[in-house]
Amino acid sequence: MCDDDTLADDARWRRSGSTFSRRTFHALAAGTAAALVLPQAATASSSVPVTERDVRIETPDGVADAFFVHPAEGRHPAVLVWPDILGLRPAFRQMGRRLAEAGYAVLVINPFYRSAEAPVVGPGASFQDPEVRERVLPLARSLTAATTDTDAEAFVTFLDAQDAVDTDRGIGTTGYCMGGPMVLRTAALRPDRIAAGATFHGSRLVTDDEDSPHRSIADAEARFLIAIAENDDERDPDAKDVLRDAFDAAGLTAEIEVYAGAMHGWCALDSAVYHEAQAE
């Protein structure tokens, strides 16, 4: 949601003592201690090394910078990750590594590449900071349904061209905050390749607009997880029902759940409202 009401909710949550220490938060944001804090995925194996590199992907609108990480050997199903409004940064690199350790070839993209290379904010940046909001909100507002379609096509094409990707397996895609709508649009754009989609505290999945993300569900063929923050649900309690109706009408399997006690942004490792138990 990323609005004034969400900021107020987040501030109250932090004052309640539910969050982890600010020292830990800044260390995670800087990427200095993430590996020590982020639990290993249940399906991961610490004995499996991963290979990672920064990549550049040509699109009709320019060259997108991104982070690609995968097990060092073999071919694996791919995952396309759409970050939240703070973009590609150390926390999302670590989250990508965790997926790779679980056996996936993971591409974490910079959604703002048309305007700036990642990272677009510095270490320890928080959306609660007015200067950070002044930096990222115009970048986010520059993105549209059309830019998502353009990018999704380019990123799926990139993944399918990689030796580490098993193209006989479907692609998964995950999105956080503003990345949530991008998941739905990607699944609709490439139903031949997207087999699973997950949104975490996705923003504006349901709107009154003709191109509302929920209207694209009819064109998808994937299975979905829609993970909703408690305060997002309080602000728009009908959205989950609209989504359920859309998935039912499309004949698609979707798990739609409100996560108790979890505020908007709770899944991002460096978020000020990161909720480890509910993120897990």
Side-chain angles (χ1 to χ4, degrees), residues 1-3 5-6 57 59-62 64 66 80-88 107 109-115 133 136-159 170-229 232-233 235-256 264-265:
M1 211 170 257
C2 293
D3 56 19
D5 290 332
T6 302
I57 303 168
T59 82
D61 295 334
L80 170 60
V81 179
W82 301 93
D84 62 20
I85 197 168
L86 299 186
L88 172 58
L107 181 68
I109 58 91
N110 169 21
F112 305 131
Y113 71 87
R114 293 171 179 83
S115 302
R133 293 198 298 277
V136 299
L137 282 171
L139 296 174
R141 290 166 181 157
S142 71
L143 303 178
T144 65
T147 61
T148 296
D149 287 352
T150 295
D151 289 346
E153 185 65 49
F155 299 149
V156 169
T157 298
F158 170 87
L159 283 168
I171 294 174
T173 183
T174 65
Y176 300 76
C177 183
M178 72 170 199
M182 297 172 180
V183 165
L184 299 186
R185 297 192 192 284
T186 303
L189 181 74
R190 290 300 305 268
D192 59 317
R193 293 298 292 124
I194 304 300
T199 74
F200 302 96
H201 43 86
S203 60
R204 295 180 59 79
L205 299 180
V206 176
T207 74
D208 293 330
D209 299 336
E210 285 297 319
D211 64 350
S212 173
H214 83 280
R215 302 187 197 281
S216 67
I217 290 170
D219 295 323
E221 295 182 9
R223 295 189 177 200
F224 289 87
L225 166 66
I226 309 296
I228 304 171
D232 286 345
D233 182 63
R235 302 251 182 263
D236 190 1
D238 296 331
K240 59 183 179 293
D241 298 320
V242 174
L243 288 166
R244 286 193 181 102
D245 289 344
F247 284 117
D248 287 345
L252 299 178
T253 299
E255 178 181 337
I256 301 173
H264 182 87

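Sequence positions, counted from 1, serve as the residue numbers for this chain. Note that the coordinates shown come from a computational prediction; the quantities given were computed from them, not determined experimentally.
Other residues, nucleotides and ligands contribute only 12 or fewer heavy atoms inside 6.0 Å of the CZ atom of Arg223.
Thr186 has its side chain within reach of Trp82: a pair of non-hydrogen atoms, C-beta onward, lies under 4.5 Å apart. Side-chain atoms of Ile171 and Arg190, non-hydrogen and from C-beta on, never get closer than 4.5 Å to each other. Counting only heavy atoms from C-beta outward, the side chains of Pro181 and Leu205 approach each other to under 4.5 Å. Here the side chains of Ile109 and Met182 are not in contact, with every heavy-atom distance at 4.5 Å or above.
Contact detail for Ala222 and Ala196: the closest heavy-atom pair is CB-N, 3.6 Å. Nearest heavy-atom pair across Ala218 and Ala250 is CA-CB, 4.0 Å. The shortest non-hydrogen separation linking Ser212 to Thr207 is OG-N, 2.9 Å.
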Review point. Should Thr147 and Thr150 be marked as a side-chain contact (heavy atoms from CB on, under 4.5 Å) after you check the CA-CA gap, both sets of side-chain angles, and the distance that decides it?
Key: CA-CA 5 Å; Thr147 61; Thr150 295; 5.5 Å; no
Review point. Is there a salt bridge (charged side-chain N to carboxylate O under 4.0 Å, His left out) between Glu210 and Arg215 once you walk through the steps?
Key: CA-CA 8 Å; Glu210 285 297 319; Arg215 302 187 197 281; 5.1 Å; no
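Exactly one of His201, Lys240, His264 qualifies for a side-chain hydrogen bond (donor to acceptor under 3.5 Å, both in side chains) with Asp232. That residue is His264.
Distance alone, capped at 3.5 Å, is enough to place a donor-acceptor pair between the Thr173 side chain and the Leu80 backbone.
Between Arg244 and Asp241, at least one side-chain N (NZ, or NE/NH1/NH2) sits under 4.0 Å from a carboxylate O, which counts as a salt bridge. Under the 4.0 Å criterion applied to side-chain N and carboxylate O atoms, Arg185 and Asp151 are not assigned as salt-bridge partners.
Ring geometry, Tyr113 versus Phe155: the interplanar angle exceeds 60°, so the pair is classed perpendicular (tilted spans 30 to 60°).
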